[in-house]
Amino acid sequence: MVPAARRASPAHRPSRRSDIVNASIRVFARQGYADASIQDIAAEAGVAPTAVYYHFAGKEDLFDVALRRIMETVTAVVRGARADDEPGDVEALGHVIEAVWDWLDAHPDENQLLHHHLPGVTSQARVLQKEFEAIHVERGYAYLTKQPRTRNHRSAIADHATASLAVRTLNSLVILVHPLRSEEGPIARHRPRDVRAALVEVAQRIVSLS
């Protein structure tokens with residue numbers, strides 16, 4: 001018989017942390033941050049509220065951990081479609097967009113939490129959002145097809161501004177299309193495959209013209 005001191009409490013098992021984060025994603029997606037409670041999340045995870053507080057400081061901490069997990073997973077999906085050290089082109093860009101689209105469709109709760117939480121719902125969420133966007137803006141430069149001019153300082157500044165605008169526009173477009181196509185979004189009436197094809201086409205045009 002295992003001594004009581006050596007038996008791990010169900011509340012303290014490492015797997016519980018992951019279970020609680022998964023439950024929080026479902027609850028935050030369903031109820032929103034303001035209306036979700038630790039009690040709701042504990043019930044969804046099948047644990048006592050004390051188990052949640054054992055792993056997390058509170059609701060804000062748990063939300064930040066859940067949001068970080070989703071963002072890191074999306075970034076991993078992007079890198080799985082095109083690794084950082086692989087060259088970018090319009091075809092690779094299409095593969096990345098479609099890979100993220102497929103993952104979001106397969107994970108509706110994560111999609112809801114990623115794209116529908118209020119900006120700045122927590123102070124750390126704003127930081128996470130900026131870090132996430134910075135990663136994907138930096139990756140976006142790999143897709144630009146036109147070679148920069150190097151004639152003089154003025155043209156170099158103009159090239160940089162054009163490239164920056166193109167990449168940030170591309171990034172914003174790829175992010176914002178998902179809440180727009182949600183059930184109550186303004187383009188929800190359009191067939192998903194048509195929206196998806198249009199997104200890929202427009203994104204590829206942006207990088208081709210920049």
Side-chain angles (χ1 to χ4, degrees), residues 8-85 95-140 170-183 185 199:
S9 165
H12 298 175
R13 286 190 289 125
S15 63
R16 282 304 193 195
R17 179 180 174 86
S18 183
D19 292 342
I20 292 166
V21 175
N22 290 336
S24 76
I25 290 172
R26 296 191 295 271
V27 172
F28 286 133
R30 186 169 63 237
Q31 298 178 208
Y33 178 81
D35 292 335
S37 69
I38 292 295
Q39 289 73 22
D40 295 330
I41 294 167
E44 181 74 19
V47 300
T50 52
V52 180
Y53 285 111
Y54 173 79
H55 291 286
F56 304 96
K59 185 172 76 168
E60 181 173 328
D61 181 33
L62 183 50
F63 181 87
D64 293 338
V65 171
L67 185 60
R68 179 183 292 277
R69 174 187 286 187
I70 295 169
M71 289 179 173
E72 289 178 347
T73 303
V74 170
T75 298
V77 170
V78 169
R79 287 181 168 139
R82 183 189 70 80
D84 289 343
D85 58 354
H95 291 327
V96 168
I97 291 172
E98 290 177 349
V100 173
W101 187 293
D102 288 341
W103 188 86
L104 292 173
D105 276 358
H107 299 83
D109 291 331
E110 287 82 352
N111 187 9
Q112 176 74 16
L113 187 57
L114 180 63
H115 292 116
H116 295 270
H117 70 274
L118 293 175
V121 65
T122 70
S123 58
Q124 183 63 21
R126 185 181 293 107
V127 173
L128 292 173
Q129 190 74 39
K130 289 182 178 179
E131 291 175 350
F132 180 73
E133 291 177 358
I135 289 170
H136 295 281
V137 165
E138 182 178 354
R139 285 180 55 87
L170 170 66
N171 198 52
S172 296
L173 172 67
V174 172
I175 291 173
L176 292 175
V177 72
H178 295 291
L180 293 176
R181 71 183 182 91
S182 64
E183 186 175 346
L199 172 62

Atom CD1 of I20 and atom NE2 of H55: how far apart are they, to the nearest 0.5 Å? 5.0 Å
To the nearest 0.5 Å, what is the distance between CG (L114) and CD1 (I175)? 8.0 Å
Can you sort out the partners of R69 under salt bridge (charged side-chain N to carboxylate O under 4.0 Å, His left out), two or more places apart, ordered by chain and number? none
Listed partners of E138 passing salt bridge (charged side-chain N to carboxylate O under 4.0 Å, His left out), at least two apart: none
If the condition is ring pair (Phe, Tyr, Trp, His ring centres under 6.0 Å), which residues does H178 pass it with, not counting sequence neighbours? W101, H115
To the nearest 0.5 angstrom, please state how far the CD atom of Q112 sits from the CG atom of L104. 11.5 Å
When you compare the side chain of I41 with that of L62, does any pair of heavy atoms fall below 4.5 Å? yes
Step by step, work out the side chain to side chain contact (heavy atoms under 4.5 Å, CB included) result for V74 and H107. CA-CA 11 Å; V74 170; H107 299 83; over 6 Å; no
Quick one: list whatever passes salt bridge (charged side-chain N to carboxylate O under 4.0 Å, His left out) with R139, sequence neighbours left out. D84
Using a 4.5 Å cut-off on heavy atoms from C-beta on, say whether the side chain of I135 contacts that of R79. yes
Taking all non-hydrogen atoms of both residues into account, name the closest pair between R16 and A45 and its distance. NH1-O, 4.0 Å
Determine the minimum heavy-atom distance between I38 and G58, stating which atoms define it. CD1-C, 4.0 Å
Mind running side chain to side chain contact (heavy atoms under 4.5 Å, CB included) on V174 and V100 for me, showing each step along the way? CA-CA 9 Å; V174 172; V100 173; 5.7 Å; no
Do R68 and E131 come close enough that some side-chain heavy atom pair is under 4.5 Å? yes
Contacts table for residues 27-34: side-chain donor-acceptor under 3.5 angstrom, sequence neighbours left out:
unit_1: R30; atom_1: NH2; unit_2: E44; atom_2: OE1; d: 3.2
unit_1: Q31; atom_1: NE2; unit_2: D35; atom_2: O; d: 3.3
unit_1: Q31; atom_1: NE2; unit_2: D40; atom_2: OD2; d: 3.1

Specify the closest pair of heavy atoms between A66 and S24, including all atoms of both residues, with the distance to one decimal. CB-OG, 3.6 Å
Heavy-atom side-chain contact between E110 and T73 under 4.5 Å: no
Correct closest heavy-atom pair for F63 and A125 would be CE2-CB, 4.1 Å
Using every non-hydrogen atom in the two residues, find where R126 and G120 come nearest and quote the distance to one decimal. NH2-CA, 3.5 Å
Taking every non-hydrogen atom, the tightest pair across A81 and A99: CB-CB, 3.9 Å
Considering residues at least two apart in sequence or located in another chain, which fulfil the ring pair (Phe, Tyr, Trp, His ring centres under 6.0 Å) criterion with F132? H136
Report yes if some heavy atom in the side chain of L113 is under 4.5 Å from a heavy atom in the side chain of I70; otherwise report no. yes
Decide yes or no for Y54 and R17: does some side-chain heavy atom of the first lie under 4.5 Å from some side-chain heavy atom of the second? no
Look up atom CG in L67 and atom CG in L128, then write down how far apart they are to the nearest 0.5 Å. 5.5 Å
Rounded to the nearest 0.5 angstrom, the CG-CG distance for D109 and N22 is 10.0 Å
